[in-house]
Number of protein chains: 2
Amino acid sequence: MPNKSSFDLLDYQIIQELHADVRMSSSEIARKLNANERTIRKRIDRLIADEVIRPTAVVNPQAFGYVTAVDIFLDAEPDQEDEIVKALLSIPEVTYFAFGLGSREMSIEARFKNNDDMREFLRHGITAIPGVLVKGYALVPRILRNIDEWMPKKEDFGLETD
Amino acid sequence: MPNKSSFDLLDYQIIQELHADVRMSSSEIARKLNANERTIRKRIDRLIADEVIRPTAVVNPQAFGYVTAVDIFLDAEPDQEDEIVKALLSIPEVTYFAFGLGSREMSIEARFKNNDDMREFLRHGITAIPGVLVKGYALVPRILRNIDEWMPKKEDFGLETD
DNA sequence: GCTGAAAATTATGCATT
DNA sequence: AATGCATAATTTTCAGC
């Protein structure tokens with residue numbers, strides 16, 4: 001079956017390199033991949049412009065003392081969805097925020113420096129938002145992988161597996 | 001109350017700039033912050049060495065056709081924890097993986113290109129791992145924030161709020 | 001821990017295929 | 001879409017404060 005992916009081997013290799021070290025210079029990538037520096041740069045620019053990759057500095061919450069994480073499952077009043085979304089996104093402790101299937105379902109992950117802060121948030125922080133009900137929550141003692149560590153498969157670039 | 005944060009205003013500003021655009025040159029950051037380029041570079045190197053920030057290219061699953069996400073809650077046989085962790089981390093579709101409170105509890109988030117792939121994973125992919133039981137799962141139609149977008153508060157740098 | 005100055009490296013703009 | 005070339009900008013190295 002022919003693959004009509006819009007990416008090729010060079011894209012795959014560039015993304016691999018940038019994923020491992022986004023500060024690597026285009027010249028060095030070009031050297032490693034036996035390609036022209038100008039070509040590499042244009043590819044990188046296009047990958048960024050097309051929002052295929054987003055170069056950023058991911059901040060480690062633990063370095064700032066945020067050692068506790070909790071997943072919170074919410075029931076949100078549909079009439080106030082816009083306000084609720086806005087309120088949740090404005091909370092700095094919220095590190096993840098997603099909609100569930102039903103129009104009322106939302107889930108967040110939040111980080112805290114200690115159990116008191118977490119408890120305070122669960123009891124007074126989150127419930128202070130009008131239209132929000134905490135359906136349940138679960139402590140998350142250890143996170144082993146996050147989206148920023150994700151990489152597509154080789155096949156996603158229209159390439160055969162090794 | 002005096003704050004004994006190990007970070008200062010300059011660190012805060014540097015992280016802000018890099019978070020917004022990690023490709024920004026040290027020279028440009030220095031210009032924006034009225035600091036010396038050498039100073040900025042050393043600060044950046046230290047922030048990276050101390051694992052406060054991790055410069056990377058976050059890959060957008062949607063750009064590769066991964067349009068569906070599902071949260072899966074697992075019951076894992078404690079005796080086989082090591083093997084299960086290894087197996088889960090080796091699955092490319094898994095974009096999030098965390099332990100729950102109990103020694104048996106794990107949760108993952110996985111991405112798929114379509115519902116068939118997701119269903120296949122739920123019915124045969126995940127359950128093929130010895131010692132793993134799917135307790136439940138929930139579709140995630142839309143994700144509004146992820147950890148890579150997180151930034152500490154100004155107070156976390158030992159600074160007053162505006 | 002911060003800064004200076006020269007050398008090496010890299011990025012950019014323009015043109016060509 | 002990829003590349004060569006000249007110029008501008010940045011990073012690096014070594015040093016001193």
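Just so it is clear: chains get the letters A, B, ... in the order the sequence lines come, proteins before strands, and each one is counted from 1. Note that the coordinates shown come from a computational prediction; the quantities given were computed from them, not determined experimentally. No hydrogens, no waters, no symmetry mates; every other heavy atom, side chains included, goes into these values.
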Using whole Å, report how far [atom1] of [X] lies from [atom2] of [N].
X	N	atom1	atom2	result
A:I40	C:dA11	CD1	P	11 Å
B:D11	C:dG1	CG	P	11 Å
A:N36	C:dT17	CG	C1'	13 Å
A:M24	D:dT12	CE	P	13 Å
A:I14	D:dA1	CD1	C1'	13 Å
B:I29	D:dA9	CD1	C1'	15 Å
B:E28	D:dT10	CD	P	7 Å
B:F7	C:dG1	CZ	C1'	16 Å

Thinking salt bridges, do A:K32 and A:E28 make one under a 4.0 Å N-O criterion?
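Salt bridge: no.
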Quickly, which of B:E109, B:E149, B:R145 forms a side chain to side chain contact (heavy atoms under 4.5 Å, CB included) with A:Y96? Name it, please.
B:E109
What pairs of nitrogen or oxygen atoms, one from the protein and one from nucleotides 12-14 of chain C, lie under 3.5 Å apart?
residue	atom	partner	partner atom	Å
C:dT12	OP2	A:R41	NH1	3.0
C:dG13	N7	A:R38	NH2	3.2
C:dG13	O6	A:R38	NE	2.7

Can a donor-acceptor pair be found, under 3.5 Å and without considering hydrogens, that links the side chain of A:W150 to the backbone of B:N60?
no
A:S107 side-chain N/O to A:F73 backbone N/O, donor-acceptor pair under 3.5 Å
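A pair under 3.5 Å: no.
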As a test of reading the structure: which of C:dG4, C:dG1, C:dT10 is closest to the side chain of B:R46, going by heavy atoms?
C:dG1
Of the listed nucleotides C:dG1, C:dG4, C:dA11, the one nearest the side chain of A:S25:
C:dA11
Taking only residues two or more places apart in sequence or in another chain, which ones pass salt bridge (Lys or Arg N to Asp or Glu O under 4.0 Å) with A:R123?
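None.
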ILVMFWY cluster, A:I48 and B:M24 together (side-chain gap under 4.5 Å):
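Yes: a chain of side-chain contacts under 4.5 Å links A:I48 to B:M24.
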Any side-chain N or O of B:T39 less than 4.0 Å from the OP1 or OP2 oxygen of C:dG1?
no
Between B:P130 and B:I84, what is the shortest heavy-atom contact and its length?
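Minimum heavy-atom contact is O-CG1, 3.6 Å.
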